Every structure is written in C-alpha cells, then in structure tokens.
Visitor: 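Just dropping this structure here.
The structure displayed is predicted, hence computed values, not measured ones.
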Amino acid sequence: MATETRYRFFVREKPAQQGQAVTRRLFVTAYHFTEEQALARYEVVERLEHSARVVDALGYLRKAA
C-alpha cells in the first residue's frame, strides 16, 4: 500500500492577485499537508520536520519505518 509523509508548515497567505501591499502574518498550519499541497495553498517559509506523519493512501496514520 502506498504511503506518504505529511508535515505541518510555517507559512503565510499567498499575496493578493492585485499586488496590494498587505501585511501577511506568519503562522503554523493547523493540519498536516504534503509539500505539494502546502505550496499550492500557501507561501511556505519552513517545513516543520518534527511534525512528520506517515499516512497510507486512505489517510490513515502509519508508523514511520
């Protein structure tokens, strides 16, 4: 069965399309994402390695090998 590793990330919201200069706060994601999911949704500042979770294709938590 395929597995993937998901992390929490230190991120900020992506800038507005209009290019307006708005202060964008940094925060830690509430959920675990793959690297690709986080990059699609946020401007990633740092991946939090200690938050790694290995899940199977159905989303169930698995023990890291």
Side-chain angles (χ1 to χ4, degrees):
M1 182 175 288
T3 61
E4 63 183 14
T5 304
R6 297 181 187 177
Y7 301 89
R8 291 180 71 191
F9 294 84
F10 198 44
V11 298
R12 64 172 52 106
E13 293 291 338
K14 287 191 172 186
Q17 297 293 350
Q18 294 79 13
Q20 297 174 350
V22 177
T23 302
R24 296 177 295 131
R25 296 181 309 140
L26 294 170
F27 61 96
V28 175
T29 59
Y31 302 102
H32 289 77
F33 296 100
T34 62
E35 187 93 28
E36 295 79 24
Q37 291 169 332
L39 289 170
R41 192 166 176 176
Y42 302 107
E43 180 182 316
V44 174
V45 176
E46 183 179 355
R47 181 174 72 192
L48 303 177
E49 295 290 332
H50 66 276
S51 68
R53 295 183 109 181
V54 178
V55 296
D56 67 16
L58 299 175
Y60 292 105
L61 185 63
R62 298 288 181 205
K63 290 184 178 181

Visitor: Do Tyr7 and Leu48 have side chains that get closer than 4.5 Å, going by heavy atoms?
Guide: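 No, side chains not in contact.
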
Visitor: Measure the spacing between CD of Glu46 and CD of Glu49 and express it to the nearest 0.5 Å.
Guide: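 Going from CD on Glu46 over to CD on Glu49, the span is 8.5 Å.
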
Visitor: Taking the six-membered ring of Phe33, is NZ or CZ of Arg6 closer than 6.0 Å to its centre and within 45° of its axis?
Guide: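 Negative - Arg6 is either too far from the ring of Phe33 or too far off its axis.
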
Visitor: So, the side chain of Ser51 versus the backbone of Arg8: is there a donor-acceptor pair under 3.5 Å, distance only?
Guide: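 Here the side-chain-to-backbone pair exists.
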
Visitor: So Glu4 and Val55, do their side chains get closer than 4.5 Å, heavy atoms only?
Guide: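 They are in side-chain contact.
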
Visitor: Please answer whether the main-chain N or O of Glu13 pairs with a side-chain N or O of Arg24 as donor and acceptor at a distance below 3.5 Å.
Guide: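 Yes, the answer is positive, given that a donor and an acceptor are paired below the 3.5 Å cut-off.
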
Visitor: Let's go through Val54 and Thr3 carefully: what are the C-alpha distance in whole Å and the side-chain angles of both, what is the deciding distance for side-chain contact (heavy atoms from CB on, under 4.5 Å) to 0.1 Å, and is it a yes or a no?
Guide: CA-CA 7 Å; Val54 178; Thr3 61; 4.0 Å; yes

Visitor: Measuring from Arg53:CZ to Tyr31:OH, what's the distance to the nearest 0.5 Å?
Guide: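 The CZ atom of Arg53 sits 12.5 Å away from the OH atom of Tyr31.
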
Visitor: Distance from His32 atom NE2 to Thr5 atom OG1, nearest 0.5 Å?
Guide: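 It is 11.0 Å, given to the nearest 0.5 Å.
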
Visitor: Is there a side-chain contact between Val45 and Leu26 (heavy atoms, below 4.5 Å)?
Guide: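 Yes, close enough: below the 4.5 Å cut-off.
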
Visitor: Does one hydrophobic cluster hold both Phe27 and Leu39, with members joined at side-chain heavy-atom distances below 4.5 Å?
Guide: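 Phe27 and Leu39: one cluster.
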
Visitor: Output yes when a side-chain donor or acceptor of Arg12 lies under 3.5 Å from a complementary backbone atom of Glu43, and no otherwise.
Guide: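 Flag not set: sc Arg12 to bb Glu43 has no pair under 3.5 Å.
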
Visitor: Quick one: CZ on Phe9 to OG1 on Thr34, what's the gap to the nearest 0.5 Å?
Guide: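 Interatomic distance, Phe9 CZ to Thr34 OG1, rounded to 0.5 Å: 7.0 Å.
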
Visitor: Would you check if the distance from the ring center of Phe10 to the ring center of Tyr42 is below 6.0 Å?
Guide: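 Between Phe10 and Tyr42, the centre distance exceeds or equals 6.0 Å.
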
